[in-house]
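All residue numbers refer to positions in the sequence shown, counting from 1.
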Amino acid sequence: FEIDLVPGVNKVHVQAQDVNFLTLDEVVEIEYEPEAAEEIVYTIGENTYTVDGVEHELEAAPYVVDGRTMVAPRALAALGVKIGWDQDTQTATFTYGDNVVKVTIGSTTALVNDEQVALDVAPELVNGRTMVPFRFIGENLGFNVHYVEATQEVVITR
């Protein structure tokens, strides 16, 4: 049989019986961490993105503010980025390896590995979704970020 695992701990209930009527009935825990993707591609104005060529839905389409592409950051998880949110301070935390980037809604100051760094564009909430400057987050986590003007695609790679 096949099991579709989700990231984190998965509990599988196993019941089996052999020809001698000996039975097994137990819950097995399987911890699953998917292999991190190599490439994510966003297209300005599109509600989809691709992870290693596989298309996924976005909760909010990327857009441009003052020459900076703003994206909903959830897709970064496909690259292995851990994402946290503090509702009280409205701060998003992105962790990849030894790099930690914290950005706060409405603030043009970020924390990169505990050092203050200026942002060109502040993160914002749009229809209840956090939108962040994509290049800033990606590059400060150690990824390569490239904009393809002809197709209006933003490509992030490990």
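- In this structure, V117 is a member of the same hydrophobic cluster as V145, with clusters built from ILVMFWY side-chain heavy atoms closer than 4.5 Å.
- From I44, atom CD1 reaches atom OG1 of T69 across 3.5 Å, with rounding to the nearest 0.5 Å.
- Residues meeting the salt bridge (charged side-chain N to carboxylate O under 4.0 Å, His left out) test with E38, sequence neighbours left out: R158.
- Smallest separation of non-hydrogen atoms from P123 and V103: CG-CB, 3.6 Å.
- Residue pairs that meet the salt bridge (charged side-chain N to carboxylate O under 4.0 Å, His left out) test with at least one member in residues 93-118, sequence neighbours left out, do not exist here.
- Rounded to the nearest 0.5 Å, atoms OG1 (T157) and CG (D52) are 10.5 Å apart.
- Here F134 pairs with Y42 under the ring-ring contact (aromatic ring centres under 6.0 Å, His included) rule; sequence neighbours left out.
- Here salt bridge (charged side-chain N to carboxylate O under 4.0 Å, His left out) pairs that include residues 16-30, with residues two or more places apart or in two chains, are K11-E29.
- If you chain together ILVMFWY residues whose side-chain heavy atoms come under 4.5 Å of each other, V27 ends up in a group of its own.
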Under 3.5 Å, sequence neighbours excluded: what are the donor-acceptor pairs made by side chains of residues 104-113?
from: T104; atom 1: OG1; to: T91; atom 2: OG1; distance (Å): 2.8
from: S107; atom 1: OG; to: T109; atom 2: N; distance (Å): 3.1
from: S107; atom 1: OG; to: T109; atom 2: O; distance (Å): 3.2
from: N113; atom 1: OD1; to: V100; atom 2: N; distance (Å): 2.7
from: N113; atom 1: ND2; to: N99; atom 2: OD1; distance (Å): 3.3

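- Linking Ile, Leu, Val, Met, Phe, Trp and Tyr residues whenever their side-chain heavy atoms come within less than 4.5 Å places L141 and V51 in a single cluster.
- Counting heavy atoms from C-beta on, the side chains of F136 and V121 never come closer than 4.5 Å.
- Taking hydrophobic clusters as Ile, Leu, Val, Met, Phe, Trp and Tyr residues chained together by side-chain heavy-atom distances below 4.5 Å, V81 does not share a cluster with V41.
- The shortest non-hydrogen separation linking T50 to E55 is CG2-CA, 4.0 Å.
- Both V71 and L119 belong to a single network of hydrophobic side chains, linked directly or stepwise wherever heavy atoms of I, L, V, M, F, W or Y lie under 4.5 Å apart.
- For D120, the salt bridge (charged side-chain N to carboxylate O under 4.0 Å, His left out) partners are R68, not counting sequence neighbours.
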Residues 146-155 side chain polar contacts: donor-acceptor under 3.5 Å, at least two apart:
from: T151; atom 1: OG1; to: E153; atom 2: OE1; distance (Å): 3.2

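- L22 and V14 fall into different hydrophobic clusters, where Ile, Leu, Val, Met, Phe, Trp and Tyr are joined by side-chain heavy atoms under 4.5 Å apart, directly or via other members.
- The list of ring-ring contact (aromatic ring centres under 6.0 Å, His included) pairs with a residue in residues 89-116, not counting sequence neighbours, reads Y96-F143.
- Here E39 pairs with nothing under the salt bridge (charged side-chain N to carboxylate O under 4.0 Å, His left out) rule; sequence neighbours left out.
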Could you tabulate the donor-acceptor pairs under 3.5 Å formed by side-chain atoms of residues 57-64, not counting sequence neighbours?
from: Y63; atom 1: OH; to: E124; atom 2: OE2; distance (Å): 2.4

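- Applying the side-chain hydrogen bond (donor to acceptor under 3.5 Å, both in side chains) test to E46 and every residue at least two apart in sequence or in another chain returns nothing.
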